[in-house]
J.: 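Attaching a single structure in structure tokens format; questions to follow.
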Amino acid sequence: MGNFFPRWTNWLPLKLAVAAGFIVFGVSLAVPYYFTPKYTRVGYEPTQPVPFSHKIHAGQLGLDCRYCHSFAEVSSHANVPTNQTCFNCHGPGKGNIKASSPKLEKVIKAAETGKPIEWVKVHKAPDYVYFNHSAHLNRGISCQNCHGQINEMEVVKHAEPQSMGWCLECHRNPEQKLRPLDQITNLNYKPEQLDRSGFYAGLLKKGVKADEIAATIKEGSSAGKLEDLVALAVGKYGEKVTQLEVGSQLKKHWQVQPPENCTACHR
Ligand code: HEC
Ligand code: HEC
Ligand code: HEC
Ligand code: HEC
Ligand code: HEC
């Protein structure tokens, strides 16, 4: 009798074992993907020791985020400001803004004793996750993409899930979020408010070839000068600048490639 099973079946047990391994692995992936804090952490809004309002300071007064969170753009960790930063305006002799307000009592006491105010942490990545602020901000991702509309919050709350699935969603489609670097702390940014001609002129000035920009707008097309690019873009995207338009150009020409491999985030 001939061999009923073809030769490759010798490998079947091994193949099955590998496949089973992948299935277990897949399920363990699915767990963090679907069930992690996504549903529980969003909305977390602890009471802070001082009723500091982002709505007043970042919204109404228009202070740039980096005035207080000065490390966010240059280091892996963002920082909460020290009392000294508050005293630029609320300190005795330096503007004295609301210096006698009961709401500032703890700030003034902290300055006298030299002890920092114990702000309650809102966002916290687990220890096994590697995350770097500057690596995102220097590539055109905004505070708003990850923290929501902070400039409108009286009390900071956890606006985005910051789960693994959420990180990966953006890593797979960064063109949906990328914006010009000078807009990363503008939480009211809207792509349709960008000046199209200025945007393309900026790319040309950085040395990107008109033909490459044209081909990114519409495959196979070419262009000689700025006017051609603008006309091409109007044809493709309409009168107003769109997110996809800006995002695809930045992704292509800045060579943005967010990692999706496990070791990038779990080192
Ligand atoms: C005048 C100083 C100041 C400015 C300007 C400011 N912040 Fe803050 N920020 C703070 C202080 C103080 C805290 C800690 C208390 C709190 O959570 O409200 C904080 C907390 C935060 C947190 C939560 C930190 C955590 O524990 O997870 C985020 C996120 C944040 N700020 C983002 C921003 C963004 C985005 C902007 C710009 C739109 C901004 N901040 C502007 C002072 C400032
Ligand atoms: C650039 C100046 C400036 C800085 C820096 C600043 N503030 Fe203010 N703060 C103001 C102004 C202006 C107001 C609004 C005063 C008003 O309502 O008339 C205010 C209001 C407040 C109030 C509300 C006071 C009340 O009675 O309504 C608190 C609390 C406060 N700030 C805390 C802080 C803390 C904490 C810091 C440091 C993290 C800080 N501020 C940094 C300018 C500043
Ligand atoms: C790509 C997403 C992303 C962007 C963009 C981003 N953050 Fe964060 N932020 C996070 C994550 C995740 C954490 C928690 C990090 C941790 O625990 O190490 C965090 C934490 C913070 C904290 C708390 C730091 C601490 O030690 O208490 C502050 C403050 C903060 N971010 C401010 C900002 C500001 C201001 C900007 C914009 C200039 C910004 N972030 C942009 C994701 C982001
Ligand atoms: C809104 C979009 C967005 C979100 C959300 C986001 N990322 Fe990223 N991430 C990027 C972009 C863009 C880059 C830059 C890629 C490049 O430089 O080519 C990046 C780069 C990285 C890198 C490589 C650079 C480095 O620091 O070594 C790591 C790691 C990373 N992200 C981790 C995370 C983690 C963890 C989260 C979730 C807590 C997260 N990211 C959420 C867009 C995002
Ligand atoms: C872009 C960043 C990023 C990449 C890439 C990534 N992870 Fe994660 N992972 C995270 C974050 C952030 C969390 C924490 C989620 C939370 O706190 O909700 C996490 C959580 C986990 C957990 C969760 C454990 C628990 O207790 O819930 C496991 C397991 C895990 N990741 C495995 C992997 C594997 C395997 C890969 C590769 C296929 C991978 N991760 C790729 C960011 C990433």
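Ligands are counted one by one from 1 in listed order, and the atoms in each one are counted from 1 as well.
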J.: Any ion pair linking E245 and K236 (charged N to carboxylate O, less than 4.0 Å)?
T.: no
J.: Please confirm whether R139 comes within less than 3.5 Å of ligand 4 when only nitrogen or oxygen atoms on both sides are compared.
T.: yes
J.: Please work out whether any backbone atom (N, CA, C, O) or any side-chain heavy atom from C-beta onward of L137 is under 4.0 Å from ligand 3, and answer side chain, backbone, both or neither.
T.: side chain
J.: Just heavy atoms, cut-off under 4.0 Å: does T85 contact ligand 2 by side chain, backbone, both, or neither?
T.: backbone
J.: Need the ligand 4 atom indices (1-based, order shown) with element for anything under 4.0 Å from a heavy-atom of A264.
T.: 29 (C)
J.: Give the atom numbers and elements of ligand 4 that come within less than 4.0 Å of a heavy atom of A135.
T.: 24 (C), 25 (C), 26 (O)
J.: Between Q255 and ligand 4, which part of the residue brings a heavy atom under 4.0 Å of the ligand: side chain, backbone, both or neither?
T.: backbone
J.: Going by the order shown, which atoms of ligand 2 are within less than 4.0 Å of some heavy atom of L63?
T.: 1 (C)
J.: Which is closest to atom 32 (C) of ligand 3 by heavy-atom distance: C143, A78, S70, C65?
T.: A78
J.: Run the salt-bridge test on D211 and K209 with the 4.0 Å N-O cut-off and return the result as yes or no.
T.: no
J.: Taking only heavy atoms of C265, which atoms of ligand 4 are found under 4.0 Å from at least one of them?
T.: 32 (C), 35 (C)
J.: Among the heavy atoms of Y67, does any lie under 4.0 Å from an atom of ligand 2?
T.: yes
J.: Please determine if H69 has a nitrogen or oxygen closer than 3.5 Å to a nitrogen or oxygen of ligand 3.
T.: no
J.: Just need the protein heavy atom nearest to atom 42 (C) of ligand 3, so name the residue and atom and give the distance.
T.: F131 CZ, 3.3 Å
J.: Which ligand 4 atoms are under 4.0 Å away from a heavy-atom of V129?
T.: 35 (C)
J.: Has the side chain of K252 got a donor or acceptor atom that lies under 3.5 Å from a matching backbone atom of T216?
T.: no
J.: Say whether Q162, considering both its backbone and side-chain N or O atoms, lies within less than 3.5 Å of an N or O atom on ligand 4.
T.: no
J.: Testing E160, H123, H158 for side chain to side chain donor-acceptor pair (under 3.5 Å) with H147, which one passes?
T.: H123
J.: Provide the number and element of each atom of ligand 4 under 4.0 Å from a heavy atom of Q257.
T.: 15 (C), 16 (C), 18 (O)
J.: Ligand 3 versus K121, non-hydrogen atoms closer than 4.0 Å: side chain, backbone, both, neither?
T.: side chain
J.: Between C170 and ligand 3, which residue portion shows a heavy-atom distance shorter than 4.0 Å: side chain, backbone, both, or neither?
T.: neither
J.: Run the contact test for Q144 against ligand 4 with a 4.0 Å cut-off on heavy atoms, strictly below, and give the result.
T.: no
J.: Of the side chain and backbone of W254, name the one, both, or neither that has a heavy atom under 4.0 Å from an atom of ligand 4.
T.: neither
J.: Which atoms of ligand 4 have any heavy atom of R267 under 4.0 Å away?
T.: 27 (O)
J.: Show me which atoms of ligand 2 lie under 4.0 Å from any heavy atom of P51.
T.: 29 (C)
J.: Using heavy atoms and a 4.0 Å limit, tell me yes or no: is P259 in contact with ligand 4?
T.: yes
J.: Look at H171 and state whether any of its N, O or S atoms is less than 2.8 Å from atom 8 (Fe) of ligand 4.
T.: yes
J.: Let me check your reading of the structure: within less than 2.8 Å of atom 8 (Fe) of ligand 3, is there an N/O/S atom from H123?
T.: no
J.: Which of the numbered atoms in ligand 3 are below 4.0 angstrom from a heavy atom of H77?
T.: 18 (O)
J.: Could you tell me, atom by atom, which parts of ligand 4 come under 4.0 Å of a heavy atom of N132?
T.: 26 (O)
J.: Which of parallel (below 30°), tilted (30 to 60°) and perpendicular (above 60°) describes W119 and F52?
T.: perpendicular
J.: So is I141 touching ligand 3 or not, going by heavy atoms under 4.0 Å?
T.: yes
J.: Only heavy atoms of N79, strictly under 4.0 Å: list the atoms of ligand 3 that pass.
T.: 29 (C)
J.: What's the shortest distance from atom 14 (C) of ligand 3 to any protein heavy atom, and which residue and atom give it?
T.: A125 N, 3.8 Å
J.: So for S142, does at least one of its heavy atoms come nearer than 4.0 angstrom to any atom of ligand 3?
T.: yes
J.: Decide if the gap between the ring center of H133 and the ring center of F71 is smaller than 6.0 angstrom.
T.: no
J.: Where does V256 meet ligand 4, judged by heavy-atom distances below 4.0 Å: at the side chain, the backbone, both, or neither?
T.: both
J.: Using a cut-off of 2.8 Å, find all protein N, O or S atoms closer to atom 8 (Fe) of ligand 2 than that distance.
T.: H57 NE2, H90 NE2
J.: Does the N or O separation between N88 and ligand 2 drop below 3.5 Å for any pair?
T.: no
J.: Hey, does Q249 have a side-chain heavy atom less than 4.5 Å from the side chain of I217?
T.: yes
J.: Number the atoms of ligand 3 from 1 as they appear, then name those within less than 4.0 Å of a heavy atom of K124, with their elements.
T.: 17 (O)
J.: Does ligand 3 have an atom that lies less than 4.0 angstrom from a heavy atom of I184?
T.: no
J.: Nearest heavy atom to atom 36 (C) of ligand 4 wins, so pick from P258, C167, S163.
T.: C167
J.: Ligand 3 and H133, any nitrogen or oxygen pair closer than 3.5 angstrom?
T.: yes
J.: Short list, please: which atoms of ligand 4 are under 4.0 Å from a heavy atom of N145?
T.: 1 (C)
J.: Just distances here: any N/O of C146 and N/O of ligand 3 closer than 3.5 Å?
T.: no
J.: Report yes if H136 has an N/O atom closer than 3.5 Å to an N/O atom of ligand 4; otherwise report no.
T.: yes
J.: Measure up the H69 and H54 rings against each other and bin them: parallel (under 30°), tilted (30 to 60°), perpendicular (over 60°).
T.: parallel
